[in-house]
Student: 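Right, I'll just put the structure down here and ask away after.
As a basis for the values below, the full set of heavy atoms in this structure was taken, side chains included, without hydrogen atoms, waters or symmetry mates. All values derive from a computational prediction rather than experimental measurement. Residues: numbered from 1 along the sequence shown.
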Amino acid sequence: MLDKIDRKLLSLLQQDCTLSLQALADAVNLTTTPCWKRLKKLEDDKVLIGKVALLDAEKLGLGLTAFVLIKTQHHSSDWYNQLVTVVTEMPEVLGVWRMAGEYDYLMQVQVADMKRYDDFYKRLVSRVPGLSDVTSSFAMEQIKYTTALPID
């Protein structure tokens with residue numbers, strides 16, 4: 001179970017993962033050794049699973065965000081494993097969720113433009129047989145985006 005100090009450390013890291021061990025320790029009123037031990041335990045327990053830099057997609061020429069809804073009639077483990085393999089190998093796919101409801105899967109895809117999305121779509125449907133419906137929606141404006149979980 002996470003205590004108040006663990007939650008504070010995780011909150012600080014979500015805001016800026018480049019903070020030094022000393023800065024983190026100071027922020028939670030610990031010395032560096034117990035702070036490091038807490039961070040190591042959070043990593044060992046797979047609560048803290050990575051530290052990354054967030055990039056601006058627009059500035060990198062990847063300004064088109066697509067949300068792709070997929071329906072399939074195939075629900076075998078072999079088909080599922082093939083889908084997982086294909087989408088894992090496609091760098092344009094930022095996230096995939098298996099859904100409850102009308103659609104079976106939801107993907108977030110980031111590409112440069114509509115031409116690149118069309119290329120992505122063609123590769124997807126040629127590599128994953130049995131997609132009965134692929135519906136895409138395109139983001140016009142990003143109003144809120146965060147990777148920070150509400151852990152407070």
Student: By side-chain hydrogen bond (donor to acceptor under 3.5 Å, both in side chains), which residues pair with T18, not counting sequence neighbours?
Tutor: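 So T18 forms a side-chain hydrogen bond (donor to acceptor under 3.5 Å, both in side chains) with D16.
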
Student: Could you tell me which residues satisfy ring-ring contact (aromatic ring centres under 6.0 Å, His included) with Y103, sequence neighbours excluded, listed by chain and number?
Tutor: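 ring-ring contact (aromatic ring centres under 6.0 Å, His included) list for Y103, sorted by chain: empty.
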
Student: Under a 4.5 Å cut-off applied to non-hydrogen side-chain atoms, are R7 and D3 in contact?
Tutor: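 Heavy-atom side-chain distance check fails, nothing below 4.5 Å.
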
Student: Just wondering, do L42 and L10 contact through their side chains at under 4.5 Å, heavy atoms?
Tutor: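 Side-chain contact under 4.5 Å: yes.
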
Student: Is there a side-chain contact between L39 and L13 (heavy atoms, below 4.5 Å)?
Tutor: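 Yes; the side chains approach each other to less than 4.5 Å.
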
Student: Do the side chains of D6 and R38 get close enough for a salt bridge, i.e. N-O under 4.0 angstrom?
Tutor: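 Between R38 and D6 there is a salt bridge, with a charged N closer than 4.0 Å to a carboxylate O.
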
Student: Any heavy-atom pair between the side chains of Q82 and P129 that's under 4.5 Å?
Tutor: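 Yes, close enough: below the 4.5 Å cut-off.
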
Student: Report the distance from atom CG of L69 to atom OG of S137, rounding to the nearest 0.5 Å.
Tutor: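 Reported value, rounded in 0.5 Å steps: 6.5 Å.
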
Student: State, to 0.1 Å, how close V52 and C17 come at their nearest heavy-atom pair, and which atoms those are.
Tutor: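 Scanning both residues completely, I find the closest heavy atoms to be O-SG, 3.5 Å.
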
Student: Would you kindly say whether Q22 and T32 are connected by a side-chain donor-acceptor distance under 3.5 Å?
Tutor: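 Absent: no donor and acceptor within the cut-off.
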
Student: For a quick test of reading the model, state the closest non-hydrogen atom pair linking S136 to V68 and the distance between them.
Tutor: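 Nearest heavy atoms, S136 then V68: OG-CG2, 3.9 Å.
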
Student: Between V109 and V111, is any pair of side-chain heavy atoms under 4.5 Å apart?
Tutor: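 A side-chain contact under 4.5 Å exists here.
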
Student: Please round to the nearest 0.5 Å and tell me the distance separating atom CZ of F120 and atom CG of L64.
Tutor: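 These two atoms lie 11.0 Å from each other.
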
Student: Any heavy-atom pair between the side chains of R116 and E92 that's under 4.5 Å?
Tutor: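 Side chain of E92 against side chain of R116, heavy atoms only: no contact under 4.5 Å found.
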
Student: Just by modelled atom types, is the L149 backbone N or O under 3.5 Å from a matching donor or acceptor in the Q14 side chain?
Tutor: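 Such a contact is found between Q14 side chain and L149 backbone.
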
Student: Between R98 and Y105, is there a donor-acceptor pair closer than 3.5 Å when you use the side chain of the first and the backbone of the second?
Tutor: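 Pair absent, no side-chain N/O of R98 close to backbone of Y105.
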
Student: Check V93 against V96 and note the closest heavy-atom contact, atom names and distance.
Tutor: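 Heavy atoms only, the tightest pair is CG1-CG2, 3.3 Å.
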
Student: Would you call I70 and M107 a side-chain contact if the rule is heavy atoms closer than 4.5 Å?
Tutor: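 Answer yes - side chains close enough.
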
Student: With a 4.0 Å cut-off on N to O distance, would you call D118 and K122 a salt bridge?
Tutor: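 Yes.
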
Student: Are there over 12 heavy-atom neighbours, none belonging to L60, within less than 6.0 Å of that residue's CG?
Tutor: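 For L60, atom CG is crowded (more than 12 foreign heavy atoms under 6.0 Å).
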
Student: Can you confirm if the aromatic rings of F138 and F67 lie within a centre distance of less than 6.0 Å?
Tutor: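 No, the ring centres sit 6.0 Å or more apart.
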
